[in-house]
A.B. asks: 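What follows is a single structure, and I will ask about it in a moment.
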Amino acid sequence: MATGVVIAVNGELSAQVVNATTNYNVAINVHNQLDENLLMTWPGIQMRRNSWQDGVLGSQIGSFFYFPSLNFQRASVGLGAIIINNRNVIAIPFALPDGDIVIFIGDWYTQNHTALRRILDSGEELGMPDGVLINGKGPYQYNTTLVPARIEYETINVDPDIQFFRSKTYRFRVHNVGISTSLNYRIQGHKLLLVETERHYTTQQNFTSFDIHVGQSYSFLVTMDQNATTDYYIVASARFVNESVWERVTGVAISHYSNSKGPATGPLPLPPGDIYNQWSAMNQPRAIRQNTAASGACPNPQGSFHYGSIKVTDTYVLRSLPPVMMGSFILY
Ligand SMILES: *[C@@H]1O[C@H](CO)[C@@H](O)[C@H](O)[C@H]1NC(C)=O
Ligand SMILES: *[C@@H]1O[C@H](CO)[C@@H](O)[C@H](O)[C@H]1NC(C)=O
Ligand SMILES: *[C@@H]1O[C@H](CO)[C@@H](O)[C@H](O)[C@H]1NC(C)=O
Ligand SMILES: *[C@@H]1O[C@H](CO)[C@@H](O)[C@H](O)[C@H]1NC(C)=O
Ligand SMILES: *[C@@H]1O[C@H](CO)[C@@H](O)[C@H](O)[C@H]1NC(C)=O
Ligand SMILES: *[C@@H]1O[C@H](CO)[C@@H](O)[C@H](O)[C@H]1NC(C)=O
């Protein structure tokens with residue numbers, strides 16, 4: 001793969017996690033050493049003072065990522081994860097996971113952001129990317145025709161905890177940090193239990209694969225309940241495109257059980273088979289619901305952190321009635 005210019009944070013790519021708790025004050029010093037202006041955006045974080053940083057109003061919880069938002073600089077990385085944890089007084093709606101793993105998936109172009117910007121400015125489309133990266137790394141060589149040898153790939157080390165005869169469960173916070181490609185995320189042989197998306201806990205549902213569009217972040221609980229005969233593939237493949245053309249830009253990482261007996265082999269787990277039925281794209285967002293039994297980041301006006309336990313003092317019923325004639329006037 002080609003070399004190029006990337007925007008690094010503290011000299012590293014995608015490595016800096018802001019891991020904080022609601023109501024924390026976080027001091028972030030940003031020094032711009034680029035030769036153009038920089039505007040960092042900090043979802044989930046309420047910013048004070050600075051005009052060159054964007055944030056949000058009020059406290060939130062959940063998984064986000066920060067990124068440079070001007071001049072298409074996002075195409076050259078310069079981003080990192082933001083985790084906002086609940087305060088201790090506010091329960092999370094699931095058992096504390098055994099580990100917390102940040103996954104960045106995203107399309108990647110060999111051209112730098114100024115060159116890509118020029119393409120868009122000229123009215124052209126970016127077209128197929130040169131690859132899909134997982135945590136900034138290329139694909140595991142699952143197929144020698146499609147993937148060249150010796151590409152550095154990501155390995156996620158997990159522990160099945162066979163000692164206590166109980167499978168460990170990890171929270172995967174998956175972010176699509178790309179610039180134009182919707183991706184389908186899946187882990188071979190494992191279920192993805194959706195629990196949270198940017199600001200809200202969700203009702204909990206299992207998925208075998210999940211579409212993550214550009215800029216979106218989701219948390220899944222993944223239980224390491226499969227046997228360790230082999231490692232397992234983690235896949236991020238382009239969605240709603242012609243697979244036979246796009247399969248050479250599929251992102252593949254490895255989930256490695258500490259007692260694994262061998263590498264992952266065989267074909268990748270299949271993507272959803274409905275690419276020419278665009279309406280099916282609506283099924284997943286329609287299935288995502290806020291978990292109203294879970295607590296919010298801030299207490300409600302009655303002082304409870306739990307939306308479900310707000311004390312109801314007055315009830316108003318709004319009814320719609322047909323218009324009424326009063327003389328020659330219509331009353332609504
Ligand atoms: C974030 O901090 C919490 C509490 O200190 C810790 O349990 C968790 O593992 C951290 N997550 C990451 C991704 O570093
Ligand atoms: C980006 O790419 C263009 C075209 O290849 C090149 O002219 C320019 O110098 C590059 N910019 C940087 C900052 O490397
Ligand atoms: C590798 O991919 C090519 C192209 O899709 C396919 O024809 C071939 O069967 C694959 N090889 C294996 C071993 O799966
Ligand atoms: C999700 O799948 C796991 C593993 O099969 C199962 O134990 C769990 O009950 C499922 N949860 C939901 C909410 O369907
Ligand atoms: C492990 O799981 C795989 C896939 O389900 C199966 O083919 C294999 O026989 C299993 N191995 C053991 C030792 O249970
Ligand atoms: C997918 O692309 C291949 C190669 O260009 C083409 O032969 C095939 O007709 C395309 N499939 C569809 C359904 O468009």
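When a ligand or atom number is given, it counts from 1 through the structure's own listing order.
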A.B. asks: For N88, does the CG atom have more than 12 heavy-atom neighbours from other residues, nucleotides or ligands under 6.0 Å away?
C.D. replies: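 Open.
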A.B. asks: Any cation-pi pair here, R117 with F72, using under 6.0 Å and within 45°?
C.D. replies: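 No cation-pi geometry.
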A.B. asks: Considering only heavy atoms of L146, which atoms of ligand 3 have at least one such atom less than 4.0 Å away?
C.D. replies: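 Reading through ligand 3 atom by atom, the close ones are 2 (O).
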A.B. asks: Students should be able to answer this: which protein heavy-atom is nearest to atom 8 (C) of ligand 4, and at what distance?
C.D. replies: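 The closest one turns out to be N206 ND2, 3.8 Å.
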A.B. asks: Q205 near ligand 4, heavy-atom distance under 4.0 Å?
C.D. replies: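 Not so, Q205 does not reach ligand 4.
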A.B. asks: Hey, what do you get for CG (D225) to CZ (R166), rounding to the nearest 0.5 Å?
C.D. replies: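 Those atoms lie 12.0 Å apart.
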A.B. asks: Taking atom types as modelled and ignoring hydrogens, do the side chains of Q216 and T197 form a donor-acceptor contact shorter than 3.5 angstrom?
C.D. replies: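 Result is no, nothing qualifies.
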A.B. asks: Just to confirm, does any protein heavy atom lie below 4.0 Å from atom 2 (O) of ligand 4?
C.D. replies: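 Yes, because at least one protein heavy atom sits under 4.0 Å from atom 2 (O) of ligand 4.
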A.B. asks: Could you tell me whether R248 and E243 have a side-chain N and a carboxylate O separated by less than 4.0 Å?
C.D. replies: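 Salt bridge: no.
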A.B. asks: Right, does atom 5 (O) of ligand 4 have protein non-hydrogen atoms nearer than 4.0 Å?
C.D. replies: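 For atom 5 (O) of ligand 4 the answer is yes, since some protein heavy atom falls inside 4.0 Å.
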A.B. asks: Would you mind listing which atoms of ligand 2 come within a distance below 4.0 Å of any non-hydrogen atom of T114?
C.D. replies: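 Counting from 1, the qualifying ligand atoms are 1 (C), 11 (N).
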A.B. asks: So, D231 and K261, do they make that salt bridge, N to O below 4.0 Å?
C.D. replies: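 Looking at D231 and K261, the cut-off is not met.
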A.B. asks: Quick test: of every protein heavy atom, which one is nearest to atom 13 (C) of ligand 4, and how far off is it to 0.1 Å?
C.D. replies: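 Heavy-atom neighbour on the protein nearest atom 13 (C) of ligand 4: Q204 O, 3.6 Å.
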A.B. asks: Got the closest protein heavy atom to atom 12 (C) of ligand 3, with its distance?
C.D. replies: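 Going by distance alone, atom 12 (C) of ligand 3 is nearest to N143 ND2, 3.5 Å.
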A.B. asks: Under a 4.0 angstrom heavy-atom cut-off, which atoms of ligand 3 come close to E247?
C.D. replies: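 Once the distances to E247 are compared, the set is 4 (C), 5 (O).
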A.B. asks: Does an N or O anywhere in R118 fall below 3.5 Å from an N or O of ligand 2?
C.D. replies: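 So ligand 2 has no N or O lying under 3.5 Å from an N or O of R118.
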A.B. asks: For R171, is there an ion pair with D100 - N to carboxylate O distance below 4.0 angstrom?
C.D. replies: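 So D100 does not pair with R171 through a salt bridge.
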